[in-house]
Amino acid sequence: KLRRFLELVSEQGGHAEFNSPTYSTITVGCLADLYAYSKRDDVRALALRLEHRIWRGLCARFHPASGQLAGPSSRAYMGDSCGHVFNARFPYHVAFGSGVCPLSPERFAYEVDTPLHRHHGDLCFILANGAWLAAPEFHVEEAVALELANRKYPATAVDVAACALHWWPDEWQYDEAGRRPERCRPFVPQAFGPELLTTYQTEDWSLGTASGVIPFGDGGQTDSVFLTWRRTRPSRGAAITLADTRTAFARYAFNEDQPSAQADLFRESGFKTTVQQDGTAVVLYQPNIGTLSGITSMRLAIVLPIHLNEPDEIWLGERCLDGHTGASAAEEPVYVRDGHVYLAFRPLALANYGRAHAVTVERHAPFLTMNFYNYKGPARSLNFPYQAMPCTRNGFVVEMATDRDYADFASFRRMVASASLTDDIAAAIRTVTYRRSGLELKIAHTPWDFTTIPPAWINGIPRAIPAGAAVLPS
């Protein structure tokens with residue numbers, strides 16, 4: 001199995017469970033222990049090569065300035081997506097120290113009264129899990145560790161991972177006695193395909209996307225587009241707190257499903273693909289309806305955690321929203337100013353099956369959600385056959401910048417609003433083109449194709465897809 005694992009990452013460039021804040025560090029910890037304790041030289045050699053390769057990807061995507069693991073991610077729980085208490089914090093802290101990882105878990109992971117998202121909400125679990133994850137003697141290549149410790153911005157990391165979409169048919173079913181079945185039942189593979197992973201970092205923020213359509217597992221935990229940033233500008237290496245940082249992530253949701261402080265998951269119910277250049281990405285979404293019936297709403301939600309504080313301004317089109325809530329019947333952009341960081345989320349074409357509002361900004365404490373609706377109304381199912389879902393368009397363009405890039409927030413909003421955006425379906429191909437000064441992004445996706453990375457062009461040039469790439473930032 002170790003030899004096959006090494007063949008996979010050598011051929012594809014990254015393992016299927018890529019960059020997971022929860023599970024990738026469990027993988028490197030197990031590999032580190034194999035190297036430390038195995039009595040077989042061939043096992044130790046394989047384990048060391050694999051540990052080096054996975055650390056390479058994890059280090060390339062860690063964002064030292066914000067103390068966050070940048071995206072994208074194969075499997076993320078709510079604590080991971082919020083950038084709060086997650087597994088990777090502990091081995092990063094042990095391996096690299098506070099100079100590289102300014103958000104030390106020792107300072108906040110165990111504070112009962114701090115309103116953070118912890119896995120299972122279980123402090124005892126965090127205590128035990130953190131100690132276990134920090135215990136191995138890790139092995140990071142010297143060049144990789146030095147690059148992370150002396151990260152030069154901007155930095156880009158590109159990689160390819162191979163993922164399989166699958167589901168366990170009995171995993172969530174209970175027997176007559178109310179007992180849940182074992183989770184080791186055979187899974188049913190539905191599709192297999194590559195993911196192009198792109199991460200771009202500046203000193204203030206990071207943007208990461210996964211450009212394939214196939215998610216990891218059933219897709220419910222995949223952060224295919226993930227933003228991190230710091231709201232303040234401390235000196236390099238200075239102590240920061242979680243209140244100085246924020247993340248944003250996206251989920252397609254049915255029936256007004258909402259993120260919750262009490263839930264470990266806000267499940268992803270959509271398929272998506274992306275094209276990214278630096279701090280700009282086009283994100284195509286379509287719902288994955290599965291066997292759902294009685295649909296009362298279909299929407300794409302972009303989530304901002306507000307556990308510790310809130311952004312300074314949120315605009316919906318030309319309106320600054322009082323109380324950070326509002327709605328629009330038109331497909332208008334949402335703009336966010338959080339300290340010196342500027343964000344824009346401009347909707348693509350939103351298939352309209354009936355709705356009062358195309359865009360809403362809502363408060364579901366401790367979260368703000370920016371919602372792009374396909375439907376909201378009485379329960380329906382006959383109008384939404386499974387075959388129609390691939391043509392149900394949704395998605396957005398995301399832009400990230402700071403006050404050093406534009407004269408002011410108004411200038412940033414004008415730039416996004418004046419950009420050209422087209423989203424068309426013809427001959428079973430959805431083509432989206434976004435043009436602004438200095439940049440053109442174009443992607444062409446066949447909505448029924450889940451096994452290839454869609455063709456895309458950046459300033460008229462086909463985007464490069466590396467094979468077995470080393471992911472040291474460039």
Side-chain angles (χ1 to χ4, degrees), residues 20-23 66-69 71 73 75-90 103-130 172 219-231 240-270 296-297 299-312 314 321 323-326 334 336 338-339 343 345 360-372:
S20 170
T22 290
Y23 293 108
S66 66
Q68 299 288 7
L69 182 57
S73 168
R75 289 175 75 185
Y77 292 93
M78 188 62 78
D80 306 335
S81 298
C82 292
H84 288 176
V85 181
F86 52 82
N87 283 358
R89 290 209 180 279
F90 299 93
L103 288 175
S104 166
E106 294 178 341
R107 300 211 317 265
F108 58 83
Y110 311 123
E111 296 176 0
V112 179
D113 296 330
T114 305
L116 304 179
H117 213 104
R118 297 176 176 83
H119 196 43
H120 302 311
D122 188 336
L123 185 59
C124 292
F125 172 82
I126 296 297
L127 285 164
N129 205 45
W172 303 109
Q221 296 175 246
T222 302
D223 277 333
S224 294
V225 55
F226 190 65
L227 295 72
T228 76
W229 64 95
R230 60 181 191 183
R231 307 175 65 248
I240 61 174
T241 69
L242 282 177
D244 297 315
T245 71
R246 203 182 312 277
T247 66
F249 55 98
R251 297 286 188 271
Y252 198 92
F254 290 98
N255 297 350
E256 295 303 282
D257 188 20
Q258 304 292 350
S260 168
Q262 285 72 48
D264 282 327
L265 290 178
F266 178 28
R267 294 194 65 80
E268 172 66 271
S269 297
T296 58
S297 73
R299 84 190 201 282
L300 172 57
I302 301 164
V303 183
L304 265 65
I306 55 169
H307 296 66
L308 301 174
N309 50 47
E310 299 193 13
D312 296 285
I314 298 183
L321 298 182
H324 295 166
T325 60
V334 180
V336 178
D338 199 11
L343 312 174
F345 303 94
T360 68
V361 180
E362 301 175 7
R363 184 182 297 272
H364 300 280
F367 301 95
L368 291 172
T369 62
M370 297 164 282
N371 307 288
F372 300 150

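The chain is numbered in sequence order, starting from 1.
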Quiz item: So which heavy atom on Phe226 is nearest to which on Asp80, and how close?
Solution: CZ-O, 4.0 Å
Self-check item: Side chain Thr369, main chain Asn371, donor-acceptor under 3.5 Å
Solution: no
Exercise. Keeping to residues at least two apart or across chains, list the salt bridge (charged side-chain N to carboxylate O under 4.0 Å, His left out) pairs with something in residues 244-257.
Key: Asp223-Arg251, Arg246-Asp338, Glu256-Lys376
Quiz item: Any ion pair linking Glu310 and Arg363 (charged N to carboxylate O, less than 4.0 Å)?
Solution: yes
Quiz item: Which atoms form the tightest heavy-atom contact between Ser81 and Ala76, and what is the distance?
Solution: OG-CB, 3.6 Å
Quiz item: Roughly how far, to the nearest 0.5 Å, is SG of Cys82 from CD1 of Ile306?
Solution: 10.5 Å
Quiz item: Roughly how far, to the nearest 0.5 Å, is CD1 of Ile302 from CG of Leu368?
Solution: 12.0 Å
Quiz prompt | Any side-chain heavy-atom pair of Glu268 and Tyr252 under 4.5 Å | solution = yes
Quiz item: Just how far is it from atom CG of Leu69 to atom CG of Leu103, taken to the nearest 0.5 Å?
Solution: 12.0 Å
Exercise. Test side chain to side chain donor-acceptor pair (under 3.5 Å) on Gln68 and Ser66 and set out the steps.
Key: CA-CA 5 Å; Gln68 299 288 7; Ser66 66; 5.7 Å; no
Self-check item: Distance in Å, Leu304 CG paired with His324 NE2, rounded so as to fall on 0.5 Å steps
Solution: 10.0 Å
Quiz item: Does Gly67 offer a backbone N or O that forms a donor-acceptor pair with the side chain of Arg89 under 3.5 Å?
Solution: yes
Quiz item: For the atom pair OG1 (Thr245) and CH2 (Trp229), what is the distance rounded to the nearest 0.5 Å?
Solution: 9.0 Å
Practice problem: Any chance you could lay out the side chain to side chain donor-acceptor pair (under 3.5 Å) test for Thr22 and Asn87, step after step, and finish with the verdict? | Solution: CA-CA 5 Å; Thr22 290; Asn87 283 358; 4.6 Å; no
Quiz item: Would a distance-only check, ignoring hydrogens and angles, find a side-chain to backbone donor-acceptor pair under 3.5 Å from Thr241 to Ala243?
Solution: yes
Practice problem: Taking all non-hydrogen atoms of both residues into account, name the closest pair between Phe90 and Pro105 and its distance. | Solution: CE2-CB, 3.7 Å
Practice problem: For Glu362 and Thr325, indicate whether the former's side chain and the latter's backbone hold a donor-acceptor pair under 3.5 Å. | Solution: no
Self-check item: Spacing of Phe249 atom CZ and Met78 atom CE [to the nearest 0.5 Å]
Solution: 4.5 Å
Quiz item: Taking only residues two or more places apart in sequence or in another chain, which ones pass ring-ring contact (aromatic ring centres under 6.0 Å, His included) with His307?
Solution: His84, Phe367
Practice problem: Test Arg299 against Thr360 for side-chain contact (heavy atoms from CB on, under 4.5 Å), laying out the working first. | Solution: CA-CA 10 Å; Arg299 84 190 201 282; Thr360 68; over 6 Å; no
